[in-house]
Amino acid sequence: MKGIVIEISFSEALFKVHYTKGFRQSYPIPLPTSVAGIFGALLGIKRGEVTEQFKDYLFGAKLLEYDGVCPENTTYLQYKGGRPIKGVATSIIINNPSYLIALATTDGKVEEFYNKLKNKIVYFPYGGQNDFFAKDVKLFDGVRDVNEKSTLIENYAPQDFVEKVELEKGTELQILPVRHKLSPNPNFYFIFRGKLKLKNAISSVENIGVYPLEKFYYLPIKE
């Protein structure tokens, strides 16, 4: 199995937490579905074709740095019972995040995708919402080897996959719900500046745990 790693940064990002209502909170790290969308944009794959093109691919991401979170209030107008109701919704946005994002697969297209990315970016991706465009995109040099027996990763995993959290100076850990099909437990551990020791090995690239796209719910886009 081979992989591609990209460093990407945004001025602001919002990767919406599943299940939230009345406000919008961001995952600290984009899930595999968001990472697949970013790779799709960079390669010029239509949004409606991402799930088919990347059907057997694995994706993941790792948070490198960020400057905290900031609330943003949006005024909305909603019609209820035939009457307009005005309200304010709060979004919690990540400030100046930078990530490593990874793609891994066994098929022979990795070299082709790597050379495409090296020569050209087709569409500039955004950080969860289309008004948060990427600041910078850097392709790691060369196609990367995938470690298919990783038990120590630096990004996220279902709570019941985790045997132990290995803390370092400045470690931040969040537990947030994710709609996924990896296990019955809806909660994921998200770690920054630390490691997750797993009960069973998974694949990783540069210590980024990567997961099959098919194990997550990807919103189909009609074009």
Side-chain angles (χ1 to χ4, degrees), residues 5-43 45-48 50-51 54 59-78 86-103 121-138 154-159 171-180 186-193 208-211 213 215-223:
V5 177
I6 289 173
E7 181 176 342
I8 188 166
S9 60
F10 303 91
S11 297
E12 295 176 320
L14 197 165
F15 302 102
K16 187 177 175 295
V17 173
H18 303 159
Y19 303 109
T20 52
K21 290 183 179 178
F23 70 102
R24 293 158 65 85
Q25 180 182 358
S26 180
Y27 292 114
I29 309 171
L31 294 173
T33 45
S34 298
V35 177
I38 292 171
F39 271 101
L42 294 170
L43 289 162
I45 297 170
K46 289 183 178 178
R47 293 173 68 184
V50 165
T51 48
F54 290 148
F59 295 92
K62 168 186 169 180
L63 178 59
L64 294 176
E65 293 291 343
Y66 77 116
D67 291 337
V69 296
C70 54
E72 185 176 277
N73 293 326
T74 306
T75 303
Y76 66 86
L77 202 59
Q78 185 178 40
K86 194 175 180 182
V88 176
T90 301
S91 298
I92 307 296
I93 294 166
I94 308 175
N95 208 13
N96 279 320
S98 60
Y99 302 99
L100 292 184
I101 60 171
L103 165 159
I121 289 174
V122 181
Y123 300 118
F124 228 45
Y126 50 83
Q129 289 191 351
N130 57 11
D131 44 357
F132 298 149
F133 279 99
K135 273 197 309 188
D136 198 13
V137 180
K138 295 177 188 170
E154 298 176 353
N155 55 326
Y156 44 63
Q159 185 177 28
T171 292
E172 295 176 21
L173 179 73
Q174 291 190 48
I175 305 172
L176 294 166
V178 172
R179 293 187 72 230
H180 68 93
N187 291 325
F188 257 54
Y189 280 7
F190 292 81
I191 196 158
F192 171 55
R193 290 181 181 148
I208 304 165
V210 288
Y211 300 91
L213 186 61
K215 294 294 184 183
F216 293 81
Y217 294 91
Y218 194 94
L219 180 66
I221 305 293
K222 291 182 180 177
E223 294 177 316

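Keep in mind that the numbers below use all heavy atoms, side chains included, and drop hydrogens, waters and symmetry copies. The model shown is predicted, which means the values in this text are computed figures rather than measured ones.
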Rounded to the nearest 0.5 Å, how far does [atom2] of [Y] lie from [atom1] of [X]?
X      : Y      : atom1 : atom2 : result
Ile208 : Tyr99  : CD1   : OH    : 12.5 Å
Ile8   : Ser98  : CD1   : OG    : 10.5 Å
Ser34  : Lys16  : OG    : NZ    : 11.5 Å
Asn73  : Thr90  : CG    : OG1   : 4.0 Å
Ile29  : Phe188 : CD1   : CZ    : 11.0 Å
Ile38  : Leu103 : CD1   : CG    : 12.0 Å

For [X] and [Y], which heavy atoms make the closest approach, and how far apart are they?
X      : Y      : answer
Thr51  : Leu213 : CA-CD2, 4.2 Å
Val50  : Gly40  : CG2-CA, 4.4 Å
Ile93  : Ala13  : CG2-O, 3.4 Å
Val210 : Ala102 : CG1-CB, 4.1 Å
Pro32  : Tyr211 : CG-CB, 4.1 Å

Under 4.5 Å between any side-chain heavy atoms of [X] and [Y], yes or no?
X      : Y      : value
Pro186 : Arg179 : no
Phe192 : Thr171 : no
Val178 : Leu31  : yes
Lys135 : Phe10  : no

- Any donor-acceptor N or O pair under 3.5 Å, side chains Ser9, Asp136: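 No - no donor-acceptor pair under 3.5 Å links their side chains.
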
- Non-neighbouring partners of Pro177 that pass side-chain contact (heavy atoms from CB on, under 4.5 Å), sequence neighbours left out: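 With sequence neighbours excluded, Pro177 shows a side-chain contact (heavy atoms from CB on, under 4.5 Å) to Val17, Tyr19, Asn187, given in chain and number order.
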
- Partners passing side-chain contact (heavy atoms from CB on, under 4.5 Å) against Phe133 (at least two apart in sequence or in another chain):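 Testing Phe133 for side-chain contact (heavy atoms from CB on, under 4.5 Å), a comparison that skips the adjacent residues, returns Phe124, Tyr126.
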
- Query: For Val122 and Leu43, what are the C-alpha separation, side-chain angles and deciding distance, and is it a side-chain contact (heavy atoms from CB on, under 4.5 Å)?
  - Reply: CA-CA 6 Å; Val122 181; Leu43 289 162; 5.7 Å; no

- Show your working on side-chain contact (heavy atoms from CB on, under 4.5 Å) between Gln25 and Leu176 and close with a plain yes or no. CA-CA 10 Å; Gln25 180 182 358; Leu176 294 166; 3.9 Å; yes

For residues 59-67, which side-chain N or O atoms pair as donor and acceptor with protein atoms under 3.5 Å away, sequence neighbours left out?
residue : atom : partner : partner atom : Å
Lys62   : NZ   : Glu154  : OE1          : 2.5
Glu65   : OE1  : Arg193  : NH2          : 3.0
Tyr66   : OH   : Glu172  : OE1          : 2.4
Asp67   : OD2  : Asn96   : ND2          : 3.1

- Val137 and Leu42: side-chain contact (heavy atoms from CB on, under 4.5 Å), yes or no, with the steps? CA-CA 9 Å; Val137 180; Leu42 294 170; 4.2 Å; yes

- Tyr27, Phe216, Tyr217 screened by ring pair (Phe, Tyr, Trp, His ring centres under 6.0 Å) with His18, the one that passes: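 Running ring pair (Phe, Tyr, Trp, His ring centres under 6.0 Å) over Tyr27, Phe216, Tyr217 with His18 returns exactly one hit, Tyr27.
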
- For Phe190 and Tyr156, what are the C-alpha separation, side-chain angles and deciding distance, and is it a ring pair (Phe, Tyr, Trp, His ring centres under 6.0 Å)? CA-CA 5 Å; Phe190 292 81; Tyr156 44 63; 5.5 Å; yes

- Query: Is the side chain of Ser26 donor-acceptor paired with the backbone N or O of Phe15 at a distance under 3.5 Å, no angle test?
  - Reply: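 It does hold such a pair.
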
